[in-house]
Amino acid sequence: MSVRHVWMTALATGAVLLTPLAAAGTASAAVHGSGKVTCFVQSGSGTLLPGLTPAGSPGGVKINFSGKLVTGQCSSAVTKPKGDQVTGGTFSGTGFYDSPPAGGPGSSCANFDGPDVVGKITVTINWTTTGVPIAPTVITYASNPGTVSGSPTDTFLFTNAPPGTATKSGSFASATTPATVKLLTDLPGPTCGAGPFTTFNISNGTIKV
């Protein structure tokens, strides 16, 4: 075997060995951001199961939603990575509501917009930035009462106010910063039509972490 052939074989083998390292570097590029961020919600949509009706049905309510933030309308004081700013992003949430503590169907419009209590809802926010990519923020809400209110349409307001909890991980996970997700929807309020209302649109809102 010639010297040139040995060198080419080694070069090819080296390229194969380097490929996973390059991929790993790309996957781990995002860093955990620190500081505070407030962004406006542009739009989104969601589902409820079972759908809301005046009488409802036994048990709680499963919820899923997702949407995007308004690009260029975020107020961010990012301390790490230094000099980075959040410009927008996307969000998604999944989980369930328990029926009211006093009993009754969780999917009745009057109970959903009222005494229903969050069993567990996890919201993930993926950020877009001006510089270094920032890892997502994940907020898990549990046992939060009265998160749905409004008339003629429902507004969701998830916060870290007791007696419920909001546990953050990932970027902006400091306990001293907010954990607020506010979503304005087109779901009917406590007085609704026949339904069932299984889908909804998100028209506005804010996210603060």
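Of all the heavy atoms in Asn201 and Ser45, the pair that sits closest is OD1-CB, 4.1 Å. Taking every heavy atom of both residues into account, Val41 and Lys182 meet most closely at CG2-O, 4.3 Å. Listed here is the closest heavy atom pair of Ile139 and Ala166: CG2-CB, 4.1 Å. In terms of heavy-atom proximity, Ala179 sits nearest to Lys168 at CB-CD, 3.9 Å. Nearest heavy-atom pair, Pro190 versus Cys109, reported as atom, atom and distance to 0.1 Å: O-CB, 3.5 Å.
Thr130 and Asp84 share a side-chain donor-acceptor pair at under 3.5 Å. Under 3.5 Å, the side chains of Thr147 and Tyr97 contain a donor-acceptor pair of N or O atoms. For Ser171 and Trp127, the side-chain atoms include no donor-acceptor pair closer than 3.5 Å.
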Kindly list each side-chain donor-acceptor pair under 3.5 angstrom involving residues 49-57, sequence neighbours excluded, with atom names and distances?
{"residue": "Thr53", "atom": "OG1", "partner": "Gly56", "partner atom": "N", "Å": "2.7"}
{"residue": "Ser57", "atom": "OG", "partner": "Ser107", "partner atom": "OG", "Å": "3.2"}

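We find the OG1-NZ distance between Thr176 and Lys36 to be 6.5 Å, quoted to the nearest 0.5 Å. How far NZ of Lys68 is from CD1 of Ile202: 12.5 Å, rounded to the nearest 0.5 Å.
Checking Phe65, Phe112, Phe156 one by one against Phe200, the ring pair (Phe, Tyr, Trp, His ring centres under 6.0 Å) holds for a single residue, Phe156. Checked against Val86 for a side-chain contact (heavy atoms from CB on, under 4.5 Å), the options Thr128, Leu69, Val37 give a single hit: Val37. For the side-chain hydrogen bond (donor to acceptor under 3.5 Å, both in side chains) test with Thr94, the passing option among Thr47, Asn64, Thr122 is Asn64; the others fail.
In this structure, the side chains of Phe197 and Pro188 come closer than 4.5 Å at one or more pairs of heavy atoms. Between Ser99 and Pro105, every side-chain heavy-atom pair lies at or beyond the 4.5 Å cut-off. Proximity of Asp98 to Val118: side-chain heavy atoms (C-beta onward) are nowhere separated by under 4.5 Å. For the pair Thr153/Leu187, no side-chain contact is recorded, criterion being any heavy-atom separation below 4.5 Å from C-beta on. Here the side chains of Asp113 and Ser149 are in contact, with some heavy-atom distance below 4.5 Å.
Counting side-chain heavy-atom gaps under 4.5 Å among Ile, Leu, Val, Met, Phe, Trp and Tyr, the cluster of Phe40 also holds Val70.
The hydrophobic cluster containing Leu48 does not contain Val117, counting ILVMFWY residues as joined when their side-chain heavy atoms lie under 4.5 angstrom apart, directly or transitively.
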